[in-house]
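I have placed the structure first, in the form of structure tokens, so that the comments after it can refer back to it.
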Amino acid sequence: MTVDVISLVEKHSQFDEPWSPKRIAKLDNYEVKLAKGEGSFDWHCHEDEDELFFISQGILRIEIEGQDPVLLGPGELCVIPKGVRHRPVTQTETVHILLIEKAGVTNTGDNPDSDLTQEIEDL
């Protein structure tokens, strides 16, 4: 088995669709995904899974039900615990996001009928 180096910059340059996560790696029962954010995402939660957000470009505000929003800039991350309703909102034109989630998680969580629900594709 070979060990590959993955360039986040190169992978992010391969797609433009906002809020359309792409799988770039697998880690045990987790998937590493890239997404681009523009505007606001839907309110949702993941009942059984935590969700890690890492920002490599831009500024992302994550609105969280019942508490002040979290503001993330390049090189910063946060973990949204399972069951916490949240909504990512971009503060700059395009935000580059790395996500780590359990395999098979629906990007819109408990809101599967959203127009933003996506099948996860490999990149």
Side-chain angles (χ1 to χ4, degrees):
M1 175 145 248
T2 62
V3 176
D4 297 320
V5 174
I6 299 170
S7 166
L8 300 184
V9 172
E10 178 188 329
K11 292 292 188 180
H12 263 122
S13 74
Q14 294 179 19
F15 68 99
D16 291 316
E17 316 82 45
W19 307 121
S20 180
K22 311 294 184 205
R23 182 176 33 244
I24 61 167
K26 294 181 181 180
L27 176 71
D28 292 327
N29 193 32
Y30 290 85
E31 296 176 329
V32 180
K33 304 170 189 173
L34 294 183
K36 289 184 177 178
E38 290 181 9
S40 60
F41 198 71
D42 290 343
W43 280 99
H44 68 286
C45 75
H46 303 279
E47 291 295 337
D48 299 314
E49 303 89 16
D50 296 336
E51 182 175 27
L52 182 143
F53 287 82
F54 172 82
I55 306 305
S56 60
Q57 177 183 306
I59 299 173
L60 184 71
R61 183 179 80 238
I62 303 178
E63 297 175 349
I64 300 171
E65 193 171 76
Q67 78 173 57
D68 291 337
V70 171
L71 199 61
L72 299 172
E76 296 181 319
L77 67 83
C78 76
V79 175
I80 304 297
K82 60 183 143 206
V84 172
R85 288 187 58 73
H86 61 285
R87 176 175 82 148
V89 178
T90 62
Q91 296 294 109
T92 54
E93 188 171 304
T94 300
V95 177
H96 290 191
I97 306 164
L98 179 140
L99 302 156
I100 299 177
E101 304 173 307
K102 282 187 181 176
V105 168
T106 301
N107 68 321
T108 53
D110 65 344
N111 191 6
D113 296 326
S114 166
D115 291 340
L116 296 173
T117 301
Q118 298 285 319
E119 290 291 323
I120 305 302
E121 300 173 3
D122 287 320
L123 190 61

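What you see is a predicted model, and the numbers here were worked out from it, not measured in a lab.
Residues Leu77 and Leu71 fall into different hydrophobic clusters, defined by Ile, Leu, Val, Met, Phe, Trp and Tyr side chains chained together at heavy-atom separations under 4.5 Å. Residues Ile80 and Val70 share a hydrophobic cluster, clusters being chains of Ile/Leu/Val/Met/Phe/Trp/Tyr side chains in contact below 4.5 Å. Tracing side-chain contacts under 4.5 Å through hydrophobic residues (I, L, V, M, F, W, Y), one reaches Leu99 starting from Val84; they form part of the same cluster.
Within 6.0 Å of CG in Asn29 there are more than 12 heavy atoms belonging to other residues, nucleotides or ligands. Counting heavy-atom neighbours within 6.0 Å of Phe15 CZ, excluding the residue itself, gives a total above 12.
The two residues Ala35 and Pro21 make their nearest non-hydrogen contact at CB-CA, 4.1 Å. Residues Ile97 and Gly37 approach most closely at CD1-N, 4.2 Å, considering heavy atoms. Contact record, Leu123 with Lys11: O-NZ, 3.1 Å, taken as the closest heavy-atom pair. Closest heavy-atom contact between Asn107 and His44: O-NE2, 3.6 Å. Contact between Glu47 and Cys45 at its shortest, heavy atoms only, is OE2-SG, 3.1 Å.
Listed by first and then second residue, the salt bridge (Lys or Arg N to Asp or Glu O under 4.0 Å) pairs that reach into residues 89-107 are Lys33-Glu101, sequence neighbours excluded. Sequence neighbours left out, the pairs with a member in residues 96-123 that pass ring-ring contact (aromatic ring centres under 6.0 Å, His included) are His12-His96.
Counting only heavy atoms from C-beta outward, the side chains of Leu8 and Ile24 approach each other to under 4.5 Å.
A donor-acceptor pair under 3.5 Å links the side-chain atoms of Trp19 to the main chain of Glu38, judged by distance alone.
Shown here are the salt bridge (Lys or Arg N to Asp or Glu O under 4.0 Å) partners of Lys22, two or more places apart in sequence or in another chain: Glu17, Glu121. Residues satisfying the salt bridge (Lys or Arg N to Asp or Glu O under 4.0 Å) criterion with Asp122, sequence neighbours excluded, are Arg23. For Asp16, the salt bridge (Lys or Arg N to Asp or Glu O under 4.0 Å) partners two or more places apart in sequence, or in a different chain, are Lys36.
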Compile the donor-acceptor pairs under 3.5 Å between side chains in residues 50-62 and protein atoms, sequence neighbours left out, one pair per line.
from	atom 1	to	atom 2	distance (Å)
Asp50	OD1	Lys82	N	2.8
Glu51	OE1	His46	NE2	3.1
Glu51	OE1	His86	NE2	2.9
Arg61	NE	Glu63	OE2	3.3
Arg61	NH1	Gln91	OE1	2.5
Arg61	NH2	Glu63	OE2	2.5

